[in-house]
Amino acid sequence: MFALADCNNFYASCERVFNPALRNRPVVVLSNNDGCVIARSQEAKQLGIRMGVPAFQIEKLLTDHQVAIFSSNYALYGDLSVRVMNTLASFAPSIEVYSIDEAFLDVSGIREEELEPLARRIRQTVLKNTGIPVGIGIAPTKTLAKLANRMAKKTREAVFILRKEEDIRKVLSETSVSDIWGIGNQHARFLNQHGMVSALDLTAAPDEWIRKNMTVVGLRTKKELEGTPCISLEEMVPDKKAICTSRSFGVPQKELQQLEEAVATFTVRCAEKLRQQHSAATKIMVFIHTNAFRADQPQYARNRVITLSPPTNNSIALVKAAVAGLRAIFRKGYLYKKAGVIVTDFVPETEIQQEIFAVQASPRMKKLMESVDKLNRENKTTVKIATQGSGRDWKLRQERLSPGYSTRWGEIMAEGNCEIRAYSYSI
DNA sequence: TCTGGGGTCCTAGGACCC
DNA sequence: TCTGGGGTCCTAGGACCC
C-alpha cells in the first residue's frame with residue numbers, strides 16, 4: 001500500500017504560515033516576473049481564479065476581492081518543504097519525495113483498520129510541526145493513491161482510503177480520464193474520441209490497444225488502475241541527466257552585454273548544480289528568444305550547442321563556452337525576453353578523459369571551484385565571475401516578495417521586525 | 001504594458017556496421 | 001528484370017509530470 005501526502009495549496013499555505021492575517025482571505029502566488037497565478041488558496045479558487053492565468057488578465061477581480069498577492073519565494077517554500085518531508089519521513093520506513101509538495105510513503109503491512117487513524121495522525125503532526133495542511137490518499141498502487149488523494153480533497157475529508165474492489169470501481173467510474181496521473185491533454189482527448197470518458201472505461205480497453213496507441217507508459221497506467229503495481233517507490237533521487245537555468249527578463253533586453261551577464265549568471269548556476277552531483281557536462285546549449293506573445297514585434301529565437309572537450313563542471317570554462325555560443329547567435333535589433341542555458345551529456349567528474357594541455361581540469365581549478373562554492377554557500381554573490389557583471393539589468397520583476405522568514409537572519413520574524421502586512425493588489 | 005521554470009521517458013527513423 | 005539479413009547507436013519529437 002502507498003500513501004500520497006500532498007500539501008494543500010502549498011505556496012499559498014506557506015505564505016500563511018508566517019502571516020496569520022491571511023487566514024480566510026483569498027491568497028494567490030505568482031510565477032517569476034509576477035506573471036501567472038501558480039498557487040491559489042481555497043478562497044481564491046472559489047473566486048474562479050484559474051491555475052496559470054496571467055495576473056494582468058484578472059486585475060479587476062483581484063482588486064475587487066482584496067486578494068493577497070505574492071511573488072514566488074522559493075527560498076521560503078523550499079525550506080518549509082524540507083520540514084514537511086522530514087515530518088512525513090518519521091511515519092514510514094521509506095518515502096519518495098515526489099515534488100516540492102508531495103511525497104509517497106510506504107504503508108504496506110499496516111492493518112486495514114489502522115490506515116485511517118495513521119493518516120489522521122500524520123496530518124495532525126505535519127500541521128502542528130509546520131503549519132502546512134496536507135491531504136492523504138492511500139491505495140494499493142501509486143496511481144490509485146493519487147486518485148485517493150484527489151478524493152481526499154474533493155470530499156473535504158483530508159484523508160481517503162481506497163482499498164476495497166467495489167470502492168475502487170466506484171471511484172474509477174467517477175473519475176474522468178483527464179484526471180488520471182499519467183494521462184495528459186493529448187491522450188485524454190484521444191481517449192475521448194474513442195469513446196472512453198471515465199477511468200473505468202480505460203481499464204475496460206484491451207491491453208494491446210493501449211500499448212499500441214499509448215506506448216508501454218499508458219499500459220502501466222492501466223495496470224496500476226487495475227490494482228497491479230507497476231511503478232515502484234523511488235527512494236533514491238537519481239542524478240540529473242540535464243540541468244537547465246533560464247529566466248524571462250523583467251524588462252526586455254536588447255544589448256549583447258546585458259545578455260552576456262545574464263547567460264554567465266545562468267551558466268554559473270548550472271555549474272554549481274553540476275558540481276553538487278559530481279558530474280561534468282559534455283555539451284552546453286545557450287538559447288535566447290524574443291517575446292512570442294508580442295505579434296507586433298519582430299521575432300527571433302536561436303540556440304547553439306557547444307561541445308566541451310574535455311567535459312567540465314568548471315564555471316570559468318562553461319561561461320567561456322556559453323558566451324561564445326551567445327555571441328554566435330546574437331543579432332542586434334531585437335527585444336529579447338528570455339535566455340537560458342542547458343548542460344547535458346554528463347560523465348562522473350572522476351572519470352573525465354584528460355587531454356593534453358587541458359587547464360580546466362587541473363587540480364588547482366578544482367580546488368578553486370570548491371572554495372568558491374564554500375564562500376557562496378551563505379550568499380550567492382560573494383564571489384562572481386567578471387562576465388556576470390555587477391548589475392542585474394535583466395532581473396526578475398518581483399514586486400510582492402514576502403520575507404525570507406526562515407532562511408535569512410535579517411528577515412527572520414522577531415520583535416522589532418515583525419511587521420505583518422496585508423498586501424492588496426494595485427498597479 | 002503585463003503571459004514561469006525545470007525535468008523525465010518512449011518511439012520512430014535514419015545512419016551506420018558486418 | 002533481378003537487388004539479404006540482422007544488428008546498434010543517435011536524435012528529434014512527442015508525450016508526460018510538478
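Just so we're on the same page: letters track the sequence lines, and every chain starts at 1. Being a predicted model, the structure only gives us computed values, none of them experimental.
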| message | Let me spell it out: for each of A:Lys240 and A:Cys36, pick the nucleotide of DNA chain B with the closest heavy atom. Which residue's pick is nearer the 5' end? | response |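 On the 5' side of the pair lies A:Cys36.
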
State whether [X] places a side-chain N or O below 4.0 Å from either non-bridging phosphate oxygen (OP1 or OP2) of [N].
X        : N      : value
A:Arg397 : B:dG4  : no
A:Ser31  : B:dG5  : no
A:Lys338 : B:dG5  : yes
A:Thr245 : B:dG5  : no
A:Lys241 : B:dC9  : yes
A:Lys146 : C:dC17 : no

| task | Please name the residue in the list A:Ile110, A:Leu144, A:Val107 that meets the side-chain contact (heavy atoms from CB on, under 4.5 Å) test with A:Ile138. | result |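 Answer to the side-chain contact (heavy atoms from CB on, under 4.5 Å) test with A:Ile138 among A:Ile110, A:Leu144, A:Val107: A:Val107.
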
| message | Please report the distance separating the P of B:dT3 from the corresponding atom of C:dC18, rounded so that it comes out in whole Å. | response |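 Straight-line distance between the two P atoms is 25 Å.
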
| Can you name the side-chain hydrogen bond (donor to acceptor under 3.5 Å, both in side chains) partners of A:Gln398, sequence neighbours left out? |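 Not a single residue meets the side-chain hydrogen bond (donor to acceptor under 3.5 Å, both in side chains) criterion with A:Gln398.
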
| field | Selection: residues 271-307 of chain A, any non-hydrogen atom under 4.0 Å of DNA chain B | value | A:Asn291, A:Phe293, A:Arg294

| Do A:Lys222 and A:Asp207 have side-chain heavy atoms sitting under 4.5 Å apart? | yes

| task | Go ahead and write out DNA chain C as dot-bracket, 5' to 3': ( ) for pairs within the strand, [ ] for ones crossing earlier pairs, | when the partner sits on another strand, dots for unpaired; Watson-Crick or G-U wobble, both distances under 3.5 Å. | result | ....||||||||||||||

